[in-house]
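Numbers for residues simply follow the sequence, beginning at 1.
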Amino acid sequence: MKFMRLGTRPDTFYTGEATRTVISDLPSDLTISINNVTYLLHKFPLVQKCGLLQQLCSEKEDTTSVAVELNNIPGGVDGFELCAKFCYGIKIDLSAHNIVPAICAAKFMQMTEDVGKGNFVSKLEVFFNSCILEGWKDSIVALQTTERFHEWSENLGIIRSCIDSVIDKILTHPSKVRWSFTYTRQGYETKKHHKSAPKDWWTEDIADLNMDQFRCVVNSVRSTNMLPPKLIGEALHVYACRWLQPETSLASDMNKEEETEKRKKQLEMIISLIPDDRGSVSFGFLLRLVNMGNTLAASQVIRSQVIKKCSLQLEDATLDDLKLYDIELIEVVLEGYITQWKKSYQRDAKSLNMVTKVAKVVDSYLHVVSMDPNMSVKKLVSLAKALPDFARPQHDNLYKAINIYLHEHPQTSKEEKKHLCSILDCQKLSAEARAHAVKNERLPLRTVVQVLFFEHEKQGSKSTGREQIHQSAIQTQGKEITGDCLNIPELSTKATVARRTSGQSSTSQRLEPGLKHKSKGKNVGETMSYRTREIMEEDDEDDDNEIKQELVKVRMQRSKSEHGRVKGK
């Protein structure tokens with residue numbers, strides 16, 4: 001960082017409580033008040049170089065001792081003291097940290113060449129233009145200091161000059177960057193040879209700017225179209241990491257509501273600056289913004305905007321991205337994705353593969369949230385149903401999520417189990433999954449009956465399947481009932497069926513979550529007779545009716561399938 005030293009005399013300013021004076025043999029004849037601070041100074045060195053004091057002193061009738069008030073001087077007492085010390089020839093050091101208040105105060109005091117040759121304003125402007133604006137960090141620091149004197153800095157063109165300097169350097173090719181910059185990315189310091197600065201070398205330093213300054217810099221850089229959208233996105237990501245960290249503690253002088261409002265405005269600004277180009281920011285970053293938008297109660301327009309951007313990149317999502325957030329948030333993004341997919345894509349192989357890819361990630365997410373002890377069946381089913389049927393060519397992953405949930409939530413009611421299993425299409429289960437489901441005591445009756453029926457249908461002809469179900473599933477009190485297997489519910493309403501076995505047999509068939517049982521067709525067939533009798537619970541007319549309805553649905557589905565095959569031929 002560059003600095004300029006003016007004056008040679010030692011600092012003779014003396015401070016006593018709220019009064020400041022210069023050690024001198026001459027009595028003070030000029031009293032200057034700035035807010036609650038009083039300066040006892042001398043007219044001769046100050047009036048000689050300050051046009052404002054010349055005017056004020058000439059208006060006073062008492063020429064021996066003059067008192068003036070300068071409460072509105074930009075830079076306050078710090079700015080004024082720099083001007084006063086320059087007039088006295090006292091040594092002062094100027095840098096990016098104090099150049100802005102010095103310029104503003106000197107302009108206010110009218111310390112120009114018209115008043116005295118080699119005056120303060122001209123020296124400050126030369127240093128500002130030739131040194132401060134030539135440096136990267138000097139320009140950043142000077143721009144930050146303008147926040148305290150915004151109106152004066154704006155009117156004097158200081159803000160515009162600083163921003164132009166920053167933008168010019170950002171647009172410099174990395175191979176030509178010769179100035180120091182902040183870059184704390186992991187691994188960068190360990191590299192011994194850097195042919196050039198990293199492309200995003202500038203992002204951390206501009207993240208220290210306030211919201212309006214940052215917006216102005218980013219908008220100006222974007223308008224040049226000289227940098228790729230991903231670099232703009234990286235700058236937004238770094239800024240978000242700098243300012244939108246999870247709240248731990250609030251500053252003592254910052255009201256909680258004010259802090260929340262500030263964070264909301266920062267969030268809305270970041271979202272508004274995201275380039276339209278897909279992939280300019282990562283899906284994980286977008287999902288984080290969606291979550292923060294809900295938390296901070298951002299405007300509906302802004303939330304809709306970021307949800308749309310996030311939904312368009314859901315195909316890039318990983319399980320690590322999703323598992324950090326609650327299920328309602330994921331469902332909103334998923335619904336947005338499906339809506340956009342239906343509008344933008346044709347149902348060709350490529351676009352269908354995209355939806356299938358999304359479904360796999362969502363089902364993996366369902367595995368994770370199924371282990372949450374507070375997760376409700378309603379939420380799980382709602383997310384699962386958000387995907388269209390064609391997104392899941394196979395339901396093994398969905399079955400695994402259901403099994404995990406039932407294992408982790410043993411108190412799930414019968415109705416909740418039925419509701420949960422309603423999302424499962426038994427026809428889309430693999431042989432391994434069906435083998436597991438046949439022995440799965442956690443599943444409700446209707447689901448097991450469906451699995452058994454489709455398993456039989458897979459194993460043999462329609463007539464053989466009917467005979468097997470008829471012989472293994474229905475018993476009267478000591479007598480077998482003959483008839484078509486699709487009429488099982490009608491016949492079983494008068495039957496007293498066996499309860500599910502308990503004790504050793506039940507324990508031996510208890511399964512851990514996941515598809516761990518691998519059975520070939522004949523093994524499933526051997527199990528079916530025993531398992532079907534086992535699942536027909538107590539004499540419950542409601543259950544019978546439900547099973548009847550399920551098998552009617554199965555019959556209709558099978559008829560449609562056979563009709564389709566015939567029509568295809």
In the structure I gave you, are the side-chain heavy atoms of [X] and [Y] within less than 4.5 Å of one another anywhere?
X: Leu273; Y: Ile232; result: no
X: Arg263; Y: Met292; result: yes
X: Leu380; Y: Ser370; result: yes
X: Lys309; Y: Val281; result: no
X: His237; Y: Cys241; result: yes
X: Ile140; Y: Phe181; result: no
X: Leu287; Y: Leu322; result: yes
X: Ser280; Y: Ile274; result: yes

- Message: Are Trp201 and Tyr183 an aromatic pair, judged by ring center distance below 6.0 Å?
- Response: no
- Message: Below 30° counts as parallel, above 60° as perpendicular, anything between as tilted: where do the rings of Trp341 and Phe390 land?
- Response: tilted
- Message: Set out, in order, the CA-CA distance, both residues' side-chain angles and the distance that settles salt bridge (charged side-chain N to carboxylate O under 4.0 Å, His left out) for Lys265 and Glu268, then state yes or no.
- Response: CA-CA 5 Å; Lys265 289 180 178 179; Glu268 292 177 345; over 6 Å; no
Is the side chain of [X] donor-acceptor paired with the backbone N or O of [Y] at a distance under 3.5 Å, no angle test?
X: Ser311; Y: Val333; answer: yes
X: Asp425; Y: His395; answer: no
X: Trp202; Y: Ala235; answer: no

Show me the pairs that pass side-chain hydrogen bond (donor to acceptor under 3.5 Å, both in side chains) and involve [range], at least two apart or across chains.
range: residues 294-303; result: Gln300-Ser304
range: residues 317-333; result: Thr318-Asp321, Asp320-Lys323, Glu328-Lys379, Glu331-Ser382
range: residues 204-225; result: Trp136-Asp205, Thr146-Gln213, Glu147-Asn210, Thr182-Asp205, Thr184-Glu204, Arg185-Glu204, Asp208-Arg242, Asp212-Arg215

- Message: Under 3.5 Å, is there a donor on one side chain and an acceptor on the other for Asn440 and Tyr399?
- Response: yes
- Examine the side chains of Tyr337 and Glu315 and answer whether a donor and an acceptor come within less than 3.5 Å of each other. yes
Supply the atom-to-atom distance [X] [atom1] to [Y] [atom2], rounded to the nearest 0.5 angstrom.
X: Glu234; Y: Thr203; atom1: CD; atom2: OG1; value: 5.5 Å
X: Leu236; Y: Ile270; atom1: CG; atom2: CD1; value: 6.5 Å
X: Leu420; Y: Ser376; atom1: CG; atom2: OG; value: 10.5 Å
X: Met226; Y: Ile167; atom1: CE; atom2: CD1; value: 11.5 Å
X: Cys310; Y: Leu312; atom1: SG; atom2: CG; value: 9.0 Å
X: Lys414; Y: Thr412; atom1: NZ; atom2: OG1; value: 14.0 Å

Search all heavy atoms of [X] against all heavy atoms of [Y] and return the closest pair with its distance.
X: Ile338; Y: Pro388; value: CD1-CD, 3.6 Å
X: Ala317; Y: Val361; value: O-CG2, 3.8 Å
X: Ala433; Y: Asp396; value: CB-OD1, 3.5 Å
X: Leu286; Y: Val306; value: O-CG2, 4.0 Å
X: Ala386; Y: Glu335; value: CB-CG, 4.3 Å
X: Lys417; Y: Leu406; value: CG-CD2, 3.7 Å

- Task: Go through Leu429 and Gln394 one step at a time and tell me if the side-chain contact (heavy atoms from CB on, under 4.5 Å) criterion holds.
- Result: CA-CA 6 Å; Leu429 292 177; Gln394 201 176 51; over 6 Å; no
- Around Lys360, counting heavy atoms of other residues, nucleotides and ligands shown, do more than 12 lie under 6.0 Å from its NZ? no
- Taking atom NZ of Lys308 as the centre, does the number of heavy atoms from other residues, nucleotides or ligands within less than 6.0 Å exceed 12? no
- Message: Does Asn403 form a side-chain contact (heavy atoms from CB on, under 4.5 Å) with His436? I'd like the steps, not just the answer.
- Response: CA-CA 10 Å; Asn403 190 45; His436 186 278; 3.5 Å; yes
- Task: Applying side-chain hydrogen bond (donor to acceptor under 3.5 Å, both in side chains), name anything that partners Arg392, two or more places apart in sequence or on another chain.
- Result: Asp363
- Item | Residues in ring pair (Phe, Tyr, Trp, His ring centres under 6.0 Å) contact with Phe214, at least two apart in sequence or another chain | Tyr239
- Step-by-step side-chain contact (heavy atoms from CB on, under 4.5 Å) determination, Leu445 to Lys418: CA-CA 9 Å; Leu445 283 173; Lys418 292 174 183 177; over 6 Å; no
- Item | From Val369, Leu366, Val377, Asp372, residue fulfilling side-chain contact (heavy atoms from CB on, under 4.5 Å) relative to Tyr405 | Val377
- Message: By the ring pair (Phe, Tyr, Trp, His ring centres under 6.0 Å) test, which pairs, at least two apart or in different chains, include something from residues 414-435?
- Response: none
- Item | Gln266 and Lys262: CA distance, side-chain angles, deciding distance, side-chain contact (heavy atoms from CB on, under 4.5 Å) verdict | CA-CA 6 Å; Gln266 289 171 328; Lys262 178 183 177 183; 3.6 Å; yes
